[in-house]
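These notes are about the structure you will find just below.
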Amino acid sequence: VASSPRHHAFDPADVARGRRRYAPAKLAHLVLKTTRPETMIRWWSLVLDAQVVFENDHLAFLTYDTEHHRLAIVKVPRLLAPIGVLLRNLRKVHGLDHVAFTWDSLDGLLATWRRLTASGVEPVWCINHGPTTSLYYEDPDGNRVELQYDNFATTEELLAFVDSGAFAENPIGVEFDPALLAEKLDAGVPLAQLVQRGSATPPGQMPVAGYGAVRWRTL
Ligand SMILES: [Fe+2]
């Protein structure tokens, strides 16, 4: 596949290969610094259904599985809070944009959406990228996290989607209404339909799609 320095084609051979020889075994954890640790620990515990496994005056370790920590919260002195306020939107232009977590079923992802909504935690962006159905949230400090479901069970299905040209045509995706998607899931609409882009556009609304879906709020 021909590629220029600026455009790298999605090569099936790259995707199908699996882990490279000297690559790490897994992505282990993330660490966030904050001047309001209680609020942050509460938020992340809720969102990831995680528990605090260690905490002292300086840090807290949270995990949601057998890893000793998936998230660490480093407690920064409160008098430094203005720096955080000043840099809150830094991620929109520089550095780490977001981290993503995958649920193993659409059911599980939407159950999390329901659970968070019931606790007053609302997504800032709901978009079916094509490869994933994604809900983006922002923590109290403005760090962004993507909760996703992989729309394709196999690499072959993903590659068929890429080969169709749909991804090159719209690499961003189509926004969806999570309430409508959850409603359709409950009504028994087949998964293969639900994961299609545009499957949960509110009736009578134009789908928000492609680069048009990227705005200051969703950026
Ligand atoms: Fe992402």
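Every number for a ligand or one of its atoms is a count from 1 in the order of the listing. Fair warning: this is a prediction, and the values are worked out from it, not measured in the lab. For the single chain, residues carry numbers from 1 onward in sequence order.
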Inset, instruction - Evaluate the ring planes of W44 and F101, with Trp represented by its six-membered ring, and classify them as parallel (under 30°), tilted (30 to 60°) or perpendicular (over 60°). - result: perpendicular

Legend entry - With F161 via ring-ring contact (aromatic ring centres under 6.0 Å, His included) - residues at least two apart: F152

Inset, instruction - For the Fe ion (ligand 1), count the protein N, O or S atoms found under 2.8 Å away. - result: 2

Legend entry - Passing option when D141 is tested against R36, K33, R88 for side chain to side chain donor-acceptor pair (under 3.5 Å): R36

Legend entry - Any pair counted as side-chain hydrogen bond (donor to acceptor under 3.5 Å, both in side chains), so long as it reaches residues 123-133, sequence neighbours left out: W125-E175, N128-N151, H129-Y136, T132-S134, T133-N151

Inset, instruction - Determine yes or no for a side-chain-to-main-chain donor-acceptor pair under 3.5 angstrom, with R144 supplying the side chain and G142 the backbone. - result: no

Inset, instruction - List for me each residue that meets side-chain contact (heavy atoms from CB on, under 4.5 Å) alongside Q51, sequence neighbours excluded, and say none if there are none. - result: V53

